[in-house]
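Heads up, the thing below is written out as structure tokens.
Starting from 1, each residue takes its place in the sequence as its number. Quick caveat: nothing in here was measured; it's all calculated off a predicted structure.
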Amino acid sequence: MSGTTTAGARLRAAGGGANRWVVLVVLCISLLLVALDATVLHVAVPAVTEDLRPSGVELLWIVDAYPLICAALLILFGTLGDRVGRRRILLMGYGIFGAASAVAALATTPEVLIGARALLGIGGAMIMPATLSILRAVFPDRRERAMAIGIWTAVAAVGAATGPVLGGFLVEHYWWGSVFLINIPLMALILPVGRWLLPESRGGADGPWDVVGALMAAAAVLGAVLGVKRLGAGGSVLDIKTVGPLLLGCVLLALFVRRQRRREHPLIDMRMFARATFSTSVGCIVLAMLALVGLELIAVQYLQLVLGLSPLETGLRLLPLTFAAMAAGATGSHTLQRIGPRRMVGWGFVLTAAAVLLLTLMGQHDRPWLLTTGFVLLGFGLQTTLFAAYESMLSEAPADQAGGAAAIGETSYQLGAGMGIALLGSVMNAAYAPALASVSGVPGSASSAAANSLGEAYQVADGLGGTAGDVLRTAARHSFVHGLHVTLLVSAGLLLLGALAALRLPRTMECAPVTEKCPQPRRPADAADLSLPPGGAPPAQLTPGGTPTAAGSGRAGH
């Protein structure tokens with residue numbers, strides 16, 4: 001701890017408080033690795049299958065263990081960081097993430113790879129909310145924090161989009177384990193740098209940490225996300241393997257909320273959800289991710305199966321979406337200050353809906369300029385919405401509950417992504433399948449099999465060959481494009497619903513006055529770990545009415 005304090009003093013003397021931007025760089029690198037690891041394995045699945053020969057269930061867990069475990073533990077580690085120190089949790093996450101990456105890269109059996117992916121999920125769950133809550137503490141001034149969050153969200157978009165491209169390059173030139181191996185040198189570097197540079201901060205909550213509540217929240221989120229993922233994979237709502245986890249998750253979530261309301265020292269103060277800005281921001285994050293992930297999944301299928309692009313070409317076609325998201329993040333702070341949260345979130349949703357409607361002009365043939373324009377508008381609109389929603393949510397939450405608020409935001413992100421795949425995937429299947437129930441000149445069994453997916457339809461058509469195969473292939477392509485148009489219309493409706501929800505947000509970005517150079521408070525002997533970010537304010541304490549008393553709480557007005 002003394003090393004960190006000395007480092008902070010050294011950087012303060014050299015840069016007059018500019019070290020908070022260096023801290024942001026460290027936090028962004030952390031987030032980049034976690035976001036990249038969520039998608040980098042996708043293109044390596046065929047190589048993993050060929051090498052390790054996993055069963056269908058094992059392959060599913062190889063892919064899903066990381067996001068499932070990560071989503072389930074976000075609230076647990078986010079609130080734990082508020083109690084024991086966010087920097088401490090972050091550094092532990094670095095160590096676990098690096099070790100798990102080494103195990104995954106050298107795995108020789110499916111079981112070992114599944115275990116390593118689960119450990120990666122634990123490390124990711126420790127890193128993600130800690131980066132956002134430390135950012136909240138390091139940037140007490142809301143204007144600077146808005147700029148920092150813009151950079152943070154842009155980095156997340158870069159990581160998620162770069163994963164498949166980087167993974168494809170590594171698998172093509174090396175072996176599938178290299179997609180994990182790249183984490184090790186970066187973690188070996190960032191762990192000592194983070195220990196030396198990052199400030200420690202805690203929340204102001206007293207009382208024991210609610211272990212039972214934390215485990216209850218983890219089980220609730222795990223059940224909900226698992227059930228939603230099964231729905232997205234085509235599971236029936238009547239299947240106990242699908243509805244069971246969903247019901248269990250909902251019941252445990254209700255019990256968790258009830259428990260938190262009754263406890264004197266809750267993990268998460270449920271009064272935050274009574275604030276229109278906080279609850280609306282969370283809902284907007286869910287809606288934005290619901291649209292983004294579902295549309296990206298369907299867009300990838302369209303680019304590869306309808307237009308016949310290779311995986312690398314597909315990744316390159318999606319790059320405009322990433323660049324637009326980066327631009328929205330970089331300009332988000334300026335935009336938020338000029339037009340306020342309500343207009344920024346609302347118009348972000350409207351712009352995204354317009355992009356989705358534009359993409360309904362996609363057909364059987366490649367139209368590069370149409371796709372590029374649509375993806376640019378889509379990326380800019382959605383990132384604008386996500387930026388303003390995250391900033392409003394984090395600023396509305398008291399500073400001493402930043403870890404819990406960050407965990408809620410990240411959990412909403414994960415749930416929205418899962419629901420997007422489930423909902424829009426179900427709409428796509430419902431619109432695609434009926435036209436293939438009976439195709440003239442094609443055997444009924446072949447038509448029935450082709451109705452499952454476009455990829456399977458191509459396999460059946462290749463098996464049939466001749467005129468029947470050509471007819472089935474053409475019918476499947478037309479049906480897929482029709483389903484795509486229906487799905488886009490549904491997505492546009494959801495996005496416009498988000499624009500209406502944004503009307504509950506404040507009109508202007510109201511900033512509490514923050515002293516540029518706050519005096520360093522005397523640290524009690526029993527709180528040596530509570531060192532502060534240079535130029536920052538002490539952790540906010542709550543009055544009985546729930547109002548932060550420390551300067552720089554940044555709570556938005558209504």
Side-chain angles (χ1 to χ4, degrees), residues 142-143 145-147 149-150 152-154 156-157 272-295 321 324-360 373-397 405 408-409 412-413 415-417 419-420 423-424 488-511 554-558:
R142 186 172 182 181
R143 294 179 182 86
R145 183 166 67 244
M147 184 180 299
I149 292 176
W152 185 88
T153 54
M272 287 193 296
F273 287 95
R275 301 174 179 175
T277 298
F278 186 87
S279 57
T280 301
S281 298
V282 170
C284 288
I285 292 171
V286 172
L287 278 173
M289 286 310 301
L290 189 153
L292 176 62
V293 174
L295 289 177
L321 189 151
M326 293 171 60
T331 59
S333 174
H334 177 72
T335 306
L336 185 63
Q337 291 179 45
R338 285 184 63 85
I339 68 175
R342 180 184 299 181
R343 290 179 180 175
M344 189 167 179
V345 173
W347 283 112
F349 271 126
V350 171
L351 180 61
T352 309
V356 168
L357 293 175
L358 177 65
L359 290 175
T360 59
T373 302
F375 287 158
V376 167
L377 295 177
L378 183 67
F380 193 90
L382 273 175
Q383 191 66 21
T384 296
T385 296
L386 282 172
F387 165 80
Y390 263 111
E391 198 283 332
S392 298
M393 178 204 72
L394 197 62
S395 295
E396 181 72 6
I408 291 171
S412 304
Y413 187 101
L415 285 174
M419 287 191 293
L423 177 60
L424 297 186
L488 290 172
L489 291 174
V490 171
S491 178
L494 292 171
L495 291 166
L496 293 176
L497 181 63
L500 291 176
L503 294 175
R504 301 182 70 221
L505 293 173
R507 290 181 179 271
T508 58
M509 175 185 171
E510 296 185 8
C511 304
R555 196 167 73 85
H558 295 272

Point to revise | Partner residues of F375 under the ring-ring contact (aromatic ring centres under 6.0 Å, His included) criterion, sequence neighbours left out | key: none

**Study point:** Closest contact, heavy atoms only, A389 versus V345
**Key:** N-CG2, 3.9 Å

**Study point:** Verdict with supporting geometry, F273 and I408, side-chain contact (heavy atoms from CB on, under 4.5 Å)
**Key:** CA-CA 11 Å; F273 287 95; I408 291 171; 3.8 Å; yes

Check your understanding: What are the two closest heavy atoms between G374 and L359, and how far apart are they?
Key -> CA-CD2, 3.9 Å

**Study point:** A501 to T280 - nearest heavy-atom pair and separation
**Key:** O-CG2, 3.2 Å

Exercise for review: Answer whether the closest heavy-atom distance between the side chains of T384 and L351 falls below 4.5 Å.
Suggested key: no

Point to revise | Identified side-chain contact (heavy atoms from CB on, under 4.5 Å) counterpart of F349 within the set L494, L497, L287, L500 | key: L287

Review point. Between T508 and R342, is any pair of side-chain heavy atoms under 4.5 Å apart?
Key: no

Exercise for review: Quick one: do V376 and L321 satisfy side-chain contact (heavy atoms from CB on, under 4.5 Å)? Show the steps, please.
Suggested key: CA-CA 5 Å; V376 167; L321 189 151; over 6 Å; no

Practice item. Taking all non-hydrogen atoms of both residues into account, name the closest pair between L496 and A353 and its distance. Key: CD2-CB, 3.9 Å

Exercise for review: Evaluate the side-chain proximity of Q337 to S333: yes if any heavy-atom separation is below 4.5 Å, no if none is.
Suggested key: yes

Review point. Just wondering, are more than 12 heavy atoms of other shown residues or ligands nearer than 6.0 Å to CZ in R343?
Key: no

Exercise for review: May I ask you to test the R145-S395 pair for a side-chain heavy-atom distance under 4.5 Å?
Suggested key: yes

**Study point:** Contacts of T335 that satisfy side chain to side chain donor-acceptor pair (under 3.5 Å) - sequence neighbours left out
**Key:** none

Check your understanding: Does T352 use its side chain to pair, donor to acceptor, with the backbone of L382 at less than 3.5 Å?
Key -> yes

Practice item. Check L357 against A492 and note the closest heavy-atom contact, atom names and distance. Key: CD2-CB, 3.8 Å

Practice item. Would you check if L378 and V356 make a side-chain contact, meaning some heavy-atom pair closer than 4.5 Å? Key: yes

Check your understanding: Within the side chain of R507, is there an N or O that forms a donor-acceptor pair under 3.5 Å with the backbone of G340?
Key -> no

Practice item. Please say whether more than 12 non-hydrogen atoms of neighbouring residues, nucleotides or ligands are located less than 6.0 Å from CE in M344. Key: yes

Review point. Would a 4.5 Å heavy-atom cut-off, applied to side chains only, mark T277 and M393 as touching?
Key: no

